[in-house]
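Written out below as structure tokens is the structure these notes cover.
Below, chains carry the letters A, B, ... as their sequence lines are ordered, and counting in each starts from 1.
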2 protein chains.
Amino acid sequence: MNTNSSYLPLTSKDIAKAAKVSQATVSRVLSGNTNVQPETRERVLAVIREMKYRPNGMARAMRTNRTGNIGVVVSRLANPLYPEMLQILGQELTEAGLRMVVWNTDETDEGAAASAVRESLVDGVIMTTATSLSTPLYEAVMMNAPVVLIHRVVEGWPCDQVSSDNTQGAISVADYVVKAGRKRIGLIEGAPLASTIRDRQSAFRSRLTELGRPLDPSLVIRVDSFSHKTGFDAASYLLDLAQPPDVMFCVNDVIALGARDAARARGVDVPGQLWLIGYDDIEMAAWPAFDLTTVRQPLKRMAHEAVALLRDRVSGASLDHSTVCLPTELVIRGSTAGHRMDR
Amino acid sequence: MNTNSSYLPLTSKDIAKAAKVSQATVSRVLSGNTNVQPETRERVLAVIREMKYRPNGMARAMRTNRTGNIGVVVSRLANPLYPEMLQILGQELTEAGLRMVVWNTDETDEGAAASAVRESLVDGVIMTTATSLSTPLYEAVMMNAPVVLIHRVVEGWPCDQVSSDNTQGAISVADYVVKAGRKRIGLIEGAPLASTIRDRQSAFRSRLTELGRPLDPSLVIRVDSFSHKTGFDAASYLLDLAQPPDVMFCVNDVIALGARDAARARGVDVPGQLWLIGYDDIEMAAWPAFDLTTVRQPLKRMAHEAVALLRDRVSGASLDHSTVCLPTELVIRGSTAGHRMDR
DNA sequence: GCTTGTCGTGAAATCGTATTCATAATAACT
DNA sequence: AGTTATTATGAATACGATTTCACGACAAGC
């Protein structure tokens, strides 16, 4: 009943037979840890090479209870930030000999990932999408599944968490625009579900208040999703006000790129008439078409940290749950006319 | 020796005991195919629900010789085309109940993916990166591993292949610029390794020759990688010529976006002084900042087709190898001044 | 009323590896 | 020289499901 030509049904038993050793010895040679007579090892390796044998990963996985697969959950691949994260996470995982299985939730549910851990299909999960509403994820965490939150974090959850300091990032933006003497400060914000968004906009608000320049509510608009289009529309609305803002802070870069295009479409000069500031420093922010001042997250360090934590967690070193928060950096570009902070 | 608190070490045997049935029956209930008395099934399901049992995926995988994991190999996540492909492929795979494990090769080797199939860690691989130089991949294909090529294909390889008609796409561009009376036709091309690139540029060349307007070699420049920066540099070079082109065809959109920015940086008006045409129709091509005329690949259909073929292949229906080639569409936008094709 | 089928179930075999246990051979001590 | 470690290996077991095999109970057909 087996399908015509499975393309290499060799097992370690076949190798054992061909090398005139026991199957156990083949396994020992493969894992390398255990003692095997050098000449025996050579003989076995020769046969393996010759017969082009590859061990069956699933059998190994079942026996060792480790697949080598790590799940990564992102919310929207259409936001270039996430491909950038995937690229970096992929690198880190590959270096650690792990594979990356990707779930793109489009802001719906992370249930699939949670299930996969519970079914031992992945050893652990790196989650960029967590919010306090992530129920299945929360359950997985409570069951002590190996989960690490990165980028978006959720205070109080008993798991490892890696973020960058969104509060500090937003404060540096607030300080910057006030110091530069901007008068009409606009904000394009989002639903405060994700910690990233929430921290950014609330820190921005309160810092401005501290500085004696509280936000004018009429210059604040909230988008219900994060895309070029929503940014475009929101910025269009603000620009069409009788008294439009002279600077806009956007809670992330995609929104800011949309805003930049809205300005372009209306012939509004940036930075002449309008300053524009984003958040994340995605690659495109640096392109001449946008030349966007923004706040950079240390993605590489975050990814490195997250993978390290997850590996510890998977290997069962049941340390306490770490919470890592890394510093950000204000990157000043042409969309704010080079009024650099003193430093 | 087991780590303190594995987070749910339940097996079907535990369920069997609790439901007072044999382990085999639990399995039967789970798989659903086989006959089980309705009341027995209910009892078992109740226990499963109550104890929050999840079957061990690896054990199942080993027994059924199917993991439910599909590998997807992309060459450069930094090219927005690939995240778009991943998003669509991810959708298709999820609908089919499969998981997507992603390898980003950065144009190096696909060896990891090839290994993974051979080790049964993934059921099959969807490859976007194939070139005739992909040795480990070629070996996997020759061993009859379930591999389908998408986007980039390699003539003569015995495996399923799904592409769009790059030749026709490039011809439509050639026709378009000639008909519009463009005089100095520039081309930013790449190394002709990938079928996509090769077909596009060779078809473009030969069609222009056919039309009696062969390419002027001094207006052709070859980039050695595909990024915004290389596009920017190449276009800068062409624009700085004493007699710059009045239209540039770029072999892909990322290059074209870089070229657009080069024009912007030099104050060259698009489409006034320069027409610009890309290839792929990535999402950003439609943004006002670029507004790029380009050729659209039917990604959704391609992905659908690829997943369908791979599933057939995995399930062992050893049909012949299919070669699917879908039509493309010239999308005219502001970078070419709305001189629309007659239709 | 006897044979034949179908259905529901449990016991047992199986998947391919890693690992434990046992053993023979060799090395290392008194 | 006799006892004790140590090393190299094979035989056997375990991992947790799916699947085959066997069997009893009951329905259907003659």
Side-chain angles (χ1 to χ4, degrees), chain A residues 1-3 6-45 47-48 51 53-68 115-121 123, chain B residues 1-3 6-45 47-48 51 53-68 116-121 123 316:
Chain A
M1 184 36 130
N2 71 2
T3 59
S6 5
Y7 55 95
L8 207 87
L10 279 182
T11 77
S12 56
K13 213 172 288 180
D14 299 318
I15 303 301
K17 192 172 303 173
K20 297 188 191 306
V21 297
S22 74
Q23 179 267 332
T25 298
V26 176
S27 174
R28 284 189 263 257
V29 169
L30 247 41
S31 55
N33 320 327
T34 16
N35 277 338
V36 177
Q37 189 104 2
E39 57 188 65
T40 313
R41 147 169 282 115
E42 269 323 307
R43 182 152 39 97
V44 172
L45 284 176
V47 172
I48 288 180
M51 303 179 74
Y53 161 78
R54 305 299 306 258
N56 181 309
M58 290 174 313
R60 169 177 291 175
M62 158 141 109
R63 187 59 230 251
T64 60
N65 201 30
R66 202 131 303 165
T67 64
S115 288
V117 210
R118 298 205 35 218
E119 294 174 7
S120 322
L121 288 162
D123 297 338
Chain B
M1 185 38 127
N2 70 2
T3 59
S6 4
Y7 53 95
L8 207 86
L10 279 182
T11 76
S12 56
K13 212 173 287 181
D14 300 317
I15 303 301
K17 195 172 301 174
K20 297 188 192 308
V21 296
S22 76
Q23 182 265 335
T25 298
V26 176
S27 174
R28 284 191 261 258
V29 169
L30 246 41
S31 55
N33 322 327
T34 14
N35 277 338
V36 178
Q37 189 103 0
E39 57 187 65
T40 313
R41 147 168 281 115
E42 267 323 306
R43 184 151 39 95
V44 172
L45 284 177
V47 173
I48 288 180
M51 303 178 75
Y53 161 78
R54 305 299 306 256
N56 181 310
M58 277 299 131
R60 168 178 294 174
M62 157 141 109
R63 190 56 233 250
T64 61
N65 200 29
R66 201 131 303 166
T67 63
V117 211
R118 298 204 35 214
E119 293 174 8
S120 317
L121 288 162
D123 296 339

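- Across every non-hydrogen atom of B:Ser120 and A:Met58, the tightest pair is O-CG, 3.3 Å.
- Between A:Asn65 atom CG and D:dG16 atom P there is a gap of 7 Å when expressed in whole angstrom units.
- Residues in residues 56-65 of chain B take part in no side chain to side chain donor-acceptor pair (under 3.5 Å) pair, two or more places apart or across chains.
- Partners of B:Ser12 under the side-chain contact (heavy atoms from CB on, under 4.5 Å) rule, at least two apart in sequence or in another chain, are B:Gln23, B:Val26, B:Tyr53.
- With sequence neighbours excluded, the residues satisfying side-chain contact (heavy atoms from CB on, under 4.5 Å) with B:Leu121 are A:Arg99, B:Ala116, B:Glu119.
- A side chain to side chain contact (heavy atoms under 4.5 Å, CB included) with A:Glu42 is found for one member of A:Leu45, A:Val44, A:Thr40 and no other, namely A:Leu45.
- Taking every heavy atom of both residues into account, A:Leu30 and A:Pro55 meet most closely at CD2-CB, 3.9 Å.
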Could you list the donor-acceptor pairs under 3.5 angstrom formed by side chains in residues 15-22 of chain B, with sequence neighbours left out?
unit_1: B:Ser22; atom_1: OG; unit_2: B:Ala24; atom_2: N; d: 3.4
unit_1: B:Ser22; atom_1: OG; unit_2: B:Thr25; atom_2: N; d: 3.3
unit_1: B:Ser22; atom_1: OG; unit_2: B:Thr25; atom_2: OG1; d: 3.3

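- Remark: B:Arg41 CZ to B:Asn35 CG distance equals 8.5 Å, nearest 0.5 Å.
- Across the helix from C:dG1-D:dC30 to C:dT30-D:dA1, the helix axis at one end is tilted relative to the axis at the other end by 40° (nearest 10 degrees, each axis from five pairs).
- In this structure, B:Arg66 atom CZ and D:dT19 atom C1' are separated by 15 Å, rounded to whole Å.
- Contacts of residues 35-45 of chain A with DNA chain C (heavy atom under 4.0 Å): none.
- Panel note: side chain A:Asp123, backbone A:Thr67; a donor-acceptor pair is recorded below 3.5 Å.
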I'd like to compare against my own output: the B/S/- annotation of nucleotides 12-18 of chain C with a strict under-4.0 Å heavy-atom distance to protein. -BBBBBB

